[in-house]
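Just so you know, these numbers use all the heavy atoms, side chains as well, and skip hydrogens, waters and symmetry mates. In each ligand, atom 1 is the first atom listed, and ligand 1 is the first ligand listed.
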Amino acid sequence: MRQLSLVPILIVFALFPAIAQPARPVITIKTEHVGLTLAVGADGRLYQAGFGPAESSLRIPGGSPAREVEAYPPYGNGQITEPSLKVVHADGNTSTDLFYVSHRAVESGGGRVETRIDLRDGHYPLQVTLCFRAYSSEDVIEQWVAIEHQEEKPIVLERFGSSSPVFQASGYWLTQLEGNYMREAHLVEERLTPGIKVLDSKLGIRAHQMRNPSFILAIDEPAREESGAVFGASLAWSGSFQFAFDVDWNNRLRAVCGINPLGSSYRLDPRTVFRTPSMLWTFSPQGKGGMTRNFHRWARKYGIRDGSAPRPILLNNWEATHFDFDETKIVSLFDGARDLGVELFLLDDGWFGNKHPRNNDRAGLGDWQVNEKKLPHGLSHLAAEAQKRGVNFGIWIEPEMVNPASELYEKHPDWVITQAHREPLYGRNQMILDLTRPEVQAHVRKVIDDTFGPNPGIRYTKWDCNRYVTQPGSSYLPPERQEHLLVDYQLALYDAMKYMADRYPGVMAMVCAGGSGRVDYGALRYFHGFWPSDNTDPVQRVFIQWGFSHFFPAPAISAHVTDMGRRPAKFAVDVALSGAFGIDRDVSKMSAEERKTVIAGARLYKERLRPLVLGGDLYRLQSPYDRPQAALSYVSPDRTRAVVFIYRLGEEAFPAIKPRGLDAAKKYRVREINLPEGARSRLSINDQVLDGATLMENGFSAPLRRAVESAVIELTEEEAQ
Ligand code: DGJ
């Protein structure tokens, strides 16, 4: 690893007296290149001693540093920094003061080490365990916190961060993924100034519509793509979150990250454990690119379901038909699917409801019986018809929801999230089932069983969620626990998702929430990928997929060819080829030219690109935020192959595209692929053999003449003769 002058990002205890006191534990949570060091001060509290490159973070402090660098600062009793924990004790006392008790580290295989540090309040029987899992070769540190007590009565947790590291540097640059429906995951970077900057979500469910719970923190200078000290972080939680970035009076930064405590204070019974969701941290001295590759390596192995398995080429009918289909139409789409090279047909919304047929978004949600008029022979028949044509079959569900126009609501009007004395508010004409209620939990499991159990031909599902919580009330929870709703809902939702994944391991799953309202590593444990946006205009998708790529690897990012935006078919295909490729088109409406282009793209993906894109290391080469042209590449782990995608978005010509991550000494044959039939490449080095060093040094000009053109360039190692 390149040696960096990273001393400033460490919390160096200038305030410690010089004499080291080895009797007091110094605890290092360490991966190959990153370390988080914590140390017990002379006062018995736990402090952070360093966070950054592993080799620099082993300073052994003495004395007790300033309270502002406590590892997990609780509110009250002398602590004046932004707190990670705020507890109202059973007797009404609002302060907590935590002291080190013990710690232990256990290897859990595969280079993973789990460290637990027990802290205890100086007076109250309250234990806080800081839990860390270090993933050595992926350079990821996961942190969560477990809180338990033995007070006489419940205590109230008013704040319960998952992680709150401290940084000391000359400046901090924060990048978030913000947006809205149809404009998701746009990167915005700003310099942090003194005071608190909060990034959050208050939406409860479909919580990440306007902001993903991930961020990039660049140290000392704005984030660069392949150099500079960059932390990346992501909260594994699908509900409301809060990241509070507090630059204090000493220009230290503390980032308190976790569930949004607003409206979520939690009454914790004695001898019950409250476990916060995990916060995932990584650090790279190789800028955003290095940070991304750490996350991707980790995610393929641990973060997403079957992260290394190939993703099938999907044909989804949503944009082609919306609710307007029947069996004949769908079966006709299967024929088209096979001819395109599709591997799985995904039947979207609209297949259920009889008394209240789901012919639009005003009725039927909750009634998960096949609509007998539209699909008289049922789901297994459809699956069999698809399989006859060599195509697998999947369906859409939204089991947490109900339309007032449904048999379910007629039977169980009390099952919804609602608040007394308020006019009910709908979102997309629907209400949310209150998952804290055990009958609702059982109902959701039954929907899963009734859908997949009798229909083993179903091999895929898209689990959607199309509204926010706007009246957070439960008719099940008692008055003093109303604020448990959002946390308990989320935990019950994970139980349901886990139930589906465990019980139906052969059913692959995509998480969707009106686009990407639920994209996080809490949900992705149970899903193979996510739907990034209902905006499938490939020009917009260049930005949306670019944003998500910072934290989520290609196998998770569904990228479908549609005709939204009426862009050239090759451009749409080339954008989709850089993710988990799929199609969302009415095959019968495609021109002969478009068909040819899509078929060629699907074939190329299956035959040459899929393992490289899904399993390769991502290098973002030219950002569409810098100039109207984007270029990115995937390099195989053994560096024998690479593919470069180039998307021109404006008329201007641009500097050379310089591949990265190649083996300088290897020789690569360079070839433009996915060219239209009969077209000749404009790539100046097409079919030449060049060494990696020359390619990375000189690069090449994009072989593109105008806006909304694209190119796919393949680099393949040419063995020496
Ligand atoms: C919202 C999703 O983002 C769409 O892809 C589609 O599945 C619709 N819901 C169906 O109602």
Can you check side chain to side chain donor-acceptor pair (under 3.5 Å) on Glu709 and Tyr647, steps first, answer last? CA-CA 6 Å; Glu709 284 188 349; Tyr647 309 117; over 6 Å; no
May I have the N/O to N/O pairs between ligand 1 and the protein that fall below 3.5 Å, each with atom names and distance to one decimal?
from: ligand 1; atom 1: 3 (O); to: Gly515; atom 2: N; distance (Å): 3.0
from: ligand 1; atom 1: 3 (O); to: Asp534; atom 2: OD1; distance (Å): 2.5
from: ligand 1; atom 1: 3 (O); to: Asp534; atom 2: OD2; distance (Å): 3.1
from: ligand 1; atom 1: 5 (O); to: Lys462; atom 2: NZ; distance (Å): 2.8
from: ligand 1; atom 1: 5 (O); to: Trp531; atom 2: NE1; distance (Å): 3.4
from: ligand 1; atom 1: 5 (O); to: Asp534; atom 2: OD1; distance (Å): 3.1
from: ligand 1; atom 1: 7 (O); to: Asp348; atom 2: OD1; distance (Å): 2.7
from: ligand 1; atom 1: 7 (O); to: Asp348; atom 2: OD2; distance (Å): 3.3
from: ligand 1; atom 1: 7 (O); to: Trp396; atom 2: NE1; distance (Å): 3.2
from: ligand 1; atom 1: 7 (O); to: Lys462; atom 2: NZ; distance (Å): 2.9
from: ligand 1; atom 1: 7 (O); to: Asp464; atom 2: OD2; distance (Å): 3.3
from: ligand 1; atom 1: 9 (N); to: Asp464; atom 2: OD2; distance (Å): 2.7
from: ligand 1; atom 1: 11 (O); to: Asp349; atom 2: OD2; distance (Å): 2.7
from: ligand 1; atom 1: 11 (O); to: Arg428; atom 2: NH1; distance (Å): 2.8
from: ligand 1; atom 1: 11 (O); to: Arg428; atom 2: NH2; distance (Å): 2.9

Step-by-step side chain to side chain donor-acceptor pair (under 3.5 Å) determination, Asn403 to Asn429: CA-CA 6 Å; Asn403 284 121; Asn429 308 302; over 6 Å; no
Side chain to side chain donor-acceptor pair (under 3.5 Å) between Glu184 and Ser533, intermediate numbers included: CA-CA 7 Å; Glu184 292 87 345; Ser533 177; 2.6 Å; yes
Indicate yes or no: does Asp349 engage Arg428 in a salt bridge with an N to O separation below 4.0 Å. yes
Residue pairs fulfilling salt bridge (charged side-chain N to carboxylate O under 4.0 Å, His left out) with at least one residue in residues 369-392, sequence neighbours excluded: Asp335-Arg389, Glu385-Lys388, Glu385-Arg389
Quick check: Trp298 with Phe551 (ring centres under 6.0 Å apart)? no
